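Quick caveat: nothing in here was measured; it's all calculated off a predicted structure.
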Amino acid sequence: MGVALVVLLAACGGEEETKPEPQPDPVKVTPAPAGEPWEDLDEWGLFEDVLTQEPSSEVQRYDVNAPLFSDYTFKRRFAWIPEGTTIDYADQAVWAMPVGTILVKTFSYLTDYRDPSQGERLLETRLLVHEAEGLWTAHTYVFDEAQSAATRKVAGDIIPSSWLDLAGEPQHNDYIVPNTNECEDCHGKKEDGLLDTLGFRTRQIDRPAPEGGDNQIDRFASLGWLSSAPPPAADRERLVDPFGPAPLHERVRSYLDANCGHCHTTGGSASQSALLLSYDLTSDAADPGNWGQCKVPTSAGGATCGHTFDVVPGDPDSSILLCRLRSTDPEVRMPPLVSRVPHEEGIALIVEWINGLEGSCL
């Protein structure tokens, strides 16, 4: 008995109790005081780790159906709303976000687009902040060359960047970081500030979440982020993947809505052109002139490439729209801001669409 007890005590005493490692407290989102944005991106508390782009537990990832082309960059999107607030869902318009909302988008180039595990060059993170007085304000944070931090830039920047594309071919671009005024040009401007967001609307975010699983809109509803229940998924308007299997007409509508429609729409900054490319104005029932078919441009500023009509059915090479998408001349190119690289896949889509149009402009 005594020997057994000694052995038992020795065995118990021979192993030290293993204590779990203390876990760090979750990062809390910390909005900057109005008019005094933080100088470093990590001060906002939007990320557990800015450099790995791991968001805070309070922040939600999201994605869009038809992305705005940005010189072949890889993009991540995030959203945060203050606790106790809700978003007003809308069928077609951009959603009415509560004061305090922060929308986040990070741009990067993958080292090798065939193998994302090879890493990336983080370029910039853009924030849209819904300030207390109800205005949207833009802030841009640029990552240093060492990829150690992101600091606020007001005047923009140019970042020389190289990568391997999906075909394994080396590519290079002097990536343009927009200045604050250029952010306002795209998002729409009125006397008292930024007009609104672009992509946070039903037709763009009615889709699976980036990490897979549930529908994004249904997930926002389950989180209590929406002020009312959204309609069933079958009743929601949604864009399609412009390069997916959907019918050509829908793919072109989605591409033009995402890349052109925020300016080329009723009340948009390019509405005077009468080239109206937002999704609601390019349905089968819409005036073909909205798309530019046989329409003489009203405000091209001389950037017509020597052509007469915006879109000539069956003749892409005589269409002003296509010429401007192909151009690298900043006085001609569309979209006109912070982009240097023509979108070859988008151009091929528009060529296919114009080739299939019937009729004559004569």
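Electrostatic pairing of R201 and D257 does not count as a salt bridge here, judged by no charged N lying under 4.0 Å from a carboxylate O.
The distance from atom CZ of R76 to atom OG1 of T73, rounded to the nearest 0.5 Å, is 11.0 Å. Distance check: I102 CD1 to L127 CG gives 6.5 Å after rounding to the nearest 0.5 Å. T30 contributes atom OG1, which lies 8.5 Å from atom CG of L46 (distance to the nearest 0.5 angstrom).
Residue pairs satisfying the disulfide (SG to SG under 2.5 Å) criterion with at least one member in residues 309-362, sequence neighbours excluded, are listed as follows: C294-C361, C305-C323. Sequence neighbours left out, the pairs with a member in residues 217-233 that pass salt bridge (charged side-chain N to carboxylate O under 4.0 Å, His left out) are E211-R219, D218-R236.
Here the side chains of L122 and E120 are in contact, with some heavy-atom distance below 4.5 Å. Using a 4.5 Å heavy-atom cutoff, the side chains of V177 and F107 are not in contact. Counting heavy atoms from C-beta outward, Y279 and E250 have side chains that approach closer than 4.5 Å.
The backbone N or O of V50 sits less than 3.5 Å from a side-chain atom of Q53, completing a donor-acceptor pair. Within the 3.5 Å criterion, the main-chain N or O of W136 finds no donor-acceptor partner in the side chain of H130. S227 contributes a side-chain N or O that, together with a main-chain N or O of I87, makes up a donor-acceptor pair within less than 3.5 Å. Between the side chain of T298 and the backbone N or O of S273, at least one donor-acceptor pair lies under 3.5 Å.
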- Does the salt bridge (charged side-chain N to carboxylate O under 4.0 Å, His left out) test come out yes or no for D157 and K153, once each step is laid out? CA-CA 8 Å; D157 204 349; K153 286 272 185 121; 3.0 Å; yes
- Task: Report the C-alpha separation of R61 and E54 in whole Å, then their side-chain angles, then the decisive distance to 0.1 Å, and conclude whether the salt bridge (charged side-chain N to carboxylate O under 4.0 Å, His left out) test is met.
- Result: CA-CA 10 Å; R61 301 175 190 265; E54 180 62 32; 3.4 Å; yes
- Query: R251 and D241: side-chain contact (heavy atoms from CB on, under 4.5 Å), yes or no, with the steps?
  - Reply: CA-CA 6 Å; R251 291 190 286 121; D241 178 355; over 6 Å; no
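Within a 6.0 Å sphere centred on CD of Q272, heavy atoms belonging to other residues, nucleotides or ligands number more than 12.
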Solution key, residues 340-352 side-chain donor-acceptor pairs under 3.5 Å, sequence neighbours excluded:
{"residue": "R340", "atom": "NE", "partner": "D174", "partner atom": "O", "Å": "2.7"}
{"residue": "H343", "atom": "ND1", "partner": "Y255", "partner atom": "OH", "Å": "3.0"}
{"residue": "E345", "atom": "OE1", "partner": "Y72", "partner atom": "OH", "Å": "2.7"}

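Note: F220 and W95 have perpendicular aromatic rings, judged against thresholds of 30 and 60 degrees for the angle between ring planes.
Two rings, from W291 and W353, have their centers less than 6.0 Å apart. For Y113 and F74, the gap between ring centers reaches or exceeds 6.0 Å.
Here the options are F200, W44, F47, Y62, the test is ring pair (Phe, Tyr, Trp, His ring centres under 6.0 Å), and the partner is F78; only F47 passes.
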